[in-house]
Amino acid sequence: MVVAGAGMAGLVAAARLRELGHHPVVREKGTRAGGSMLLSSGVIWRHRDWSEFRRECHGGDERLQRVVWERLDDAIAWLVSKGAPVVWEDTGNPRTIGKRFEPRGIVEALASEIEHDADGCDGEAAILCTGGFAASSELVTRYIAPSGSLRLRAAPWSEGDGLRFALGRGAGLSSAMNQFYGRNMPDASWDETQLVALSQLYGRFARIFDADGVEFFSRDDVSWSETNVVQATARRRGAKAFYLLDGEALEQRVRDRTVAEMVEAAPAETRVALGDLPFEPPAGAVQAVRVIASITHTIGGLRVDERAHVLREDGTPVDGLWAAGVDAGGIAGGGYASGLAQALVQGLVAAEDAAS
Ligand SMILES: Cc1cc2nc3c(=O)[nH]c(=O)nc-3n(C[C@H](O)[C@H](O)[C@H](O)COP(=O)(O)OP(=O)(O)OC[C@H]3O[C@@H](n4cnc5c(N)ncnc54)[C@H](O)[C@@H]3O)c2cc1C
């Protein structure tokens, strides 16, 4: 049994297979284990309320969502039992339940021997955990079709290898192929150590304009995860926007930071003087920030069933092929759900099914 990818889903699947008495070969394309999980905030969560999950991710497959929602609490207990270090006992968000883990500690707790290999997917039986296709501009253009290049806000190796491999074996695609999870980031250069600190997570308090001066999104419509405004930004010219803030907006808090602090963290060249805007600013605005839509991971992917088995378009399984984590699509369509939770639960499910 091959496990392709040693990020969240792959490490979990391999650890569970070993626990069940198997000896999987784990192949990793990147220069280190951990994938995007290692860069993440480590909050593994589910919606507190099933109906809220369904309402928010209304475009997702209800049967897949059920598996993640029902199995997550036990899956988190399993991860803790493996020695993954918990940083917070809750998520700090009243809508959600879960825990925050230390990402490096997850890698250490689940570590195994890893073969570094350019294409880890090949194998008669394989669990695909290659993290989707956010890092492939070709696939992002084909499926997401943004109006400008999206900046990558994730590890650089998830180029759709699992997707291409499975399509070659007859797999079908999930819904929501044009959707992604990401953040609006300052339109400047940044590196992987700044992915969380530089996020401009205050669309809900801003007036939001595109480069042509069109106010294209109302702050009242910004979802709590802000995924919808990022996806809308991707569809404006250059995949860019300007956030315009008044004095009251700057004082608002999002989690542990004020909006003013998030603005201050943005590189100076993205804090645009009002007189330099390519349009007339709205009355009351005191601050403008130029942001660019940035992709963390894709939401659509391979079609799978509740056992994480890869399916063809007609719903029949592709023999010997499972997909877990971002490689598997169809869960968070229409909204946002924890990518780490999906990877954890589907990693376990895929391993258990493959082992049986
Ligand atoms: C800054 C940031 C913050 C985040 N915060 C959170 C959070 O708090 N909560 C949350 O739920 N999610 C968060 N996420 C998202 C989360 O990290 C992902 O949803 C999760 O890592 C997905 O797991 P995965 O196993 O599918 O992909 P990954 O963890 O990215 O692993 C994929 C692995 O596959 C490897 N790979 C790719 N191609 C091949 C190939 N051909 N052969 C072998 N290996 C291959 C990659 O190198 C990588 O190691 C965050 C992400 C980022 C970047």
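In each ligand, atom 1 is the first atom listed, and ligand 1 is the first ligand listed. What's counted below: heavy atoms across the whole structure, side chains too, no hydrogens, waters or symmetry copies.
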Task: Salt-bridge contact E62-R54 (side-chain N to carboxylate O under 4.0 Å) - done: yes
TODO: Could you tell me whether G325 and ligand 1 have an N or O pair separated by under 3.5 Å?
DONE: no
Open item on the list: Tell me the nearest of L128, T31, V43 to atom 10 (C) of ligand 1, using heavy-atom distances.
Closed with: V43
Task: S338 neighbourhood, listing ligand 1 atoms whose heavy-atom distance to it stays under 4.0 Å - done: 10 (C), 11 (O)
TODO: Mark the output for G34 as yes if a heavy-atom distance to ligand 1 is under 4.0 Å, and as no if none is.
DONE: yes
Task: Atoms of ligand 1 close to A9 [distance to a heavy atom under 4.0 angstrom, numbered from 1] - done: 25 (O)
Task: Sub-4.0 Å heavy-atom contact, T296 with ligand 1 - done: yes
- [ ] Identify which of A343, G339, S158, G120 has a heavy atom lying nearest to atom 42 (N) of ligand 1.
- [x] G120
TODO: Sort out for me which residue in E159, H297, M177 forms a side chain to side chain contact (heavy atoms under 4.5 Å, CB included) with F133.
DONE: M177
Open item on the list: Checking the N or O distance criterion of under 3.5 Å, is ligand 1 in contact with D161?
Closed with: yes
Open item on the list: Return the closest protein heavy atom for atom 28 (P) of ligand 1 as residue, atom name and distance.
Closed with: S36 N, 3.7 Å
TODO: For atom 27 (O) of ligand 1, find the nearest protein heavy atom and state the residue, atom name and distance (0.1 Å precision).
DONE: G131 CA, 3.6 Å
Open item on the list: Taking D187 first and then R151, would you say they form a salt bridge - that is, a charged N and a carboxylate O separated by under 4.0 Å?
Closed with: yes
Open item on the list: Less than 4.0 angstrom from a charged side-chain N to a carboxylate O is my criterion; do D73 and R46 meet it?
Closed with: yes
TODO: List the steps and the verdict of side chain to side chain contact (heavy atoms under 4.5 Å, CB included) for Y336 and V230.
DONE: CA-CA 12 Å; Y336 173 58; V230 181; over 6 Å; no
Open item on the list: Are any of the N/O atoms on A154, whether in the backbone or the side chain, positioned under 3.5 angstrom from an N/O atom of ligand 1?
Closed with: no
- [ ] Below 4.0 angstrom from a heavy atom of G5, which ligand 1 atoms are there? Numbered from 1 as shown, please.
- [x] 34 (O), 35 (C), 43 (C), 44 (N)
- [ ] Check ligand 1 against V326 and write out every atom of the ligand that is under 4.0 Å from a heavy-atom position of the residue.
- [x] 22 (C), 26 (O)
TODO: May I ask you to say whether D314 pairs ionically with R312, meaning some side-chain N is under 4.0 Å from a carboxylate O?
DONE: no
Open item on the list: Is C129 close enough to touch ligand 1? Criterion: a residue heavy atom under 4.0 Å from a ligand atom.
Closed with: yes
- [ ] Answer yes or no: does an N/O atom from M8 fall short of 3.5 Å to an N/O atom of ligand 1?
- [x] yes
Task: Contact partition for R153 relative to ligand 1, non-hydrogen atoms under 4.0 Å - done: both
Task: Gap separating the CZ atom of R237 from the OG atom of S147, nearest 0.5 angstrom - done: 10.5 Å
TODO: Look at atom 5 (N) of ligand 1 and say which protein heavy atom is nearest, naming residue and atom and giving the distance to 0.1 Å.
DONE: S41 N, 3.2 Å
Open item on the list: For W50, does the six-membered ring have the charged nitrogen or CZ of R66 within the cation-pi criterion, i.e. under 6.0 angstrom from the centroid and within 45° of the normal?
Closed with: yes
Task: Nearest non-hydrogen protein atom, atom 18 (C) of ligand 1 - done: H297 CD2, 4.0 Å
Task: Taking every non-hydrogen atom, the tightest pair across A84 and I106 - done: CB-CG1, 4.2 Å
- [ ] Consider every N or O of L195 and every N or O of ligand 1, then say whether any pair is closer than 3.5 Å.
- [x] no
TODO: Could you tell me how the ring of F242 sits relative to the ring of F279: parallel (under 30°), tilted (30 to 60°) or perpendicular (over 60°)?
DONE: perpendicular
Task: Distance from atom 47 (O) of ligand 1 to nearest protein heavy atom, with residue and atom - done: E28 OE2, 2.4 Å
Task: Salt-bridge contact E56-R95 (side-chain N to carboxylate O under 4.0 Å) - done: no
Task: Per-atom contacts, ligand 1 versus G30 - under 4.0 Å to a heavy atom - done: 47 (O)
- [ ] Looking only at distances, please establish whether an N/O atom of ligand 1 is found under 3.5 Å from an N/O atom of L340.
- [x] yes
Open item on the list: Please list the nearest protein heavy atom to atom 31 (O) of ligand 1 with its residue and the distance rounded to 0.1 Å.
Closed with: G7 CA, 3.1 Å
TODO: May I ask you to check whether over 12 heavy atoms, not counting those of E115, lie within 6.0 Å of atom CD?
DONE: yes
Task: ligand 1-proximal atoms of K29, by part, heavy-atom distance under 4.0 Å - done: both
Open item on the list: For the aromatic rings, using the six-membered ring if either is Trp, is the centroid distance between F53 and W45 under 6.0 Å?
Closed with: no
Task: Over all atoms of both residues, closest heavy-atom pair of V107 and L38 - done: CG2-CD1, 3.8 Å
Open item on the list: Can you name the atoms of ligand 1, numbered from 1 with element, that are less than 4.0 Å from a heavy atom of R27?
Closed with: 43 (C), 44 (N)
TODO: Taking atom types as modelled, find out whether N93 and T91 have a side-chain donor-acceptor pair closer than 3.5 angstrom.
DONE: no
Open item on the list: Any nitrogen or oxygen of S40, side chain or backbone, less than 3.5 Å from one on ligand 1?
Closed with: no
Open item on the list: I'd like to check which ligand 1 atoms, numbered from 1 as shown, lie under 4.0 Å from a non-hydrogen atom of L39.
Closed with: 1 (C), 2 (C)
Task: L39 versus A155, closest heavy-atom pair with distance - done: CD1-N, 3.5 Å
Task: Distance from atom 21 (O) of ligand 1 to nearest protein heavy atom, with residue and atom - done: M37 N, 3.2 Å
Task: Salt bridge present between R142 and E138 (N-O < 4.0 angstrom) - done: yes
- [ ] Please identify which atoms of ligand 1 are closer than 4.0 Å to at least one heavy atom of G42.
- [x] 8 (O)
